[in-house]
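The structure under discussion appears below in the form of structure tokens.
In this chain, residues are counted from 1 in sequence order. Since we're looking at a predicted model, the values are computed, not measured. Side-chain atoms are counted along with the backbone in the values below, which use heavy atoms only and exclude waters and symmetry mates.
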Amino acid sequence: MNQAQAVSRPNAYHTNVRKLSLLALLVLLAGLGYMLVAVNFSNSALVLFSMKIRAPKLIAMLITAFAIGGASIVFQSIINNTIVTPCLLGMNSLYTLIHTAVVFFAGSGSIIAVNANLSFVVDVALMGVVATVIYSYLFQKTNHNVLYVLLIGTVLTSFFSSIQSTLTRVMDPNEYDALLATLVASFSNINSEIIVLCLVLMAAIIFVLRKDLALLDVLTLGKAQSINLGVDYDRSIRRLLLGVTLCIAVATAMVGPISFLGLIIANIARQLLKTYRHTYLILGSALVGMVVLVAGQLVVERVYHYAVPVSVFITVGGGIYFLYLLLANRRV
């Protein structure tokens, strides 16, 4: 038995490496297709113009996929359930509310609203503090019970959306027009001004949380087992939850809220890799997200000619996939 396990471990390792390599190749092909399809190579000026327009979109999609994919895997491990993602608990709605409130109280002409980088920093800071406090308290009081968490998350989503809707109704119409462009998920209208800041923030999150991320394999064993193994469970959970909220804020700030993307890519990565090691799961989820977003945006632009945003396909497909996961888990 031990011999069989010893043989199966290297086999599983090489299998996952091959799958991740294949996903990376698909990302590369999708990225090349997005950058090169329908480009007029006979005119160098048009080629440069096309690259200038497409490159920020591609970078934004890669950052968004990495942020949402990694955050979804970490969040599922924190709550110990594979069908719960940050968007289902209202994190997207919370960010939308915070961004709307900042514009509402500061004004669309204020330096906070006009300066994209400053607006992003303020939104992310508020999101990090508020979300960490709310969801840490929620998990503590519900003892990570998935039914209670989903129920309260649904209520919080409606609550945040209702407040945000109220603010937009009493807002000046001109300020609402300026705000609306940042609240609709679209890779055709990305906030390219904050790409560098997003990259810096993502790198900082990974660097600061590197030790906590390395403990994820242990944290999934449960609180009692983690503490017995010498892990400061509560501190690690709070830090990882803060990282999750910041990643969701980064993705939402760049392209707007995208429901169900995290659910789709995280569960596809788990089913594809079939491992408990979060190093593989996070990378796999990010790569699947990149393939979905880049290939999806390529289809939207070249087949549907921007008539339907990619977020619509993700939302519809994600809703169906969510119902499938619920029914599958119920049968099990």
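Using modelled atom types, one side-chain atom of Thr220 and one backbone atom of Asp217 make a donor-acceptor pair closer than 3.5 Å. Side chain of Ser165 to backbone of Ser161: no donor-acceptor contact under 3.5 angstrom is found. Side chain of Arg239 to main chain of Ser236: no donor-acceptor pair is present (N/O by atom type, distance under 3.5 Å, no hydrogens or angles). Ser162 contributes a side-chain N or O that, together with a main-chain N or O of Ser158, makes up a donor-acceptor pair within less than 3.5 Å. No donor-acceptor distance shorter than 3.5 angstrom exists from the side chain of Asn267 to the backbone of Ile83, with no hydrogens or angles considered.
Atom CZ of Phe159 has 12 or fewer heavy atoms from other residues, nucleotides or ligands within 6.0 Å. The number of heavy atoms from other shown groups lying within 6.0 Å of CZ (Arg210) is above 12.
For the pair Phe260 and Phe322, the minimum side-chain heavy-atom distance is below 4.5 Å. You'll find the side chain of Leu216 reaches within 4.5 Å of the side chain of Ile282, heavy atoms only. At least one side-chain heavy atom of Ser72 sits under 4.5 Å from a side-chain heavy atom of Ile68. At least one side-chain heavy atom of Leu62 sits less than 4.5 Å from a side-chain heavy atom of Val294. With a 4.5 Å cut-off on side-chain heavy atoms, Thr85 and Gln76 count as touching. Residues Thr245 and Leu94 have side chains not in contact (no heavy-atom distance under 4.5 Å, counting atoms from C-beta outward). Two residues are said to be in side-chain contact when any heavy atoms from C-beta on lie closer than 4.5 Å; Lys274 and Thr15 fail this criterion. A 4.5 Å side-chain heavy-atom check between Met91 and Met127 finds at least one atom pair inside the cut-off.
Annotation: ring pair (Phe, Tyr, Trp, His ring centres under 6.0 Å) contacts of Phe75 (sequence neighbours excluded): Phe139. Residues that satisfy the ring pair (Phe, Tyr, Trp, His ring centres under 6.0 Å) test with Tyr304, not counting sequence neighbours, are Phe313.
With Phe104 as reference, Leu167 is the one residue of Leu167, Asp172, Leu97 to meet the side-chain contact (heavy atoms from CB on, under 4.5 Å) rule.
Think of Leu29 as one node in a network of Ile, Leu, Val, Met, Phe, Trp and Tyr side chains linked at under 4.5 Å; its network also takes in Leu25.
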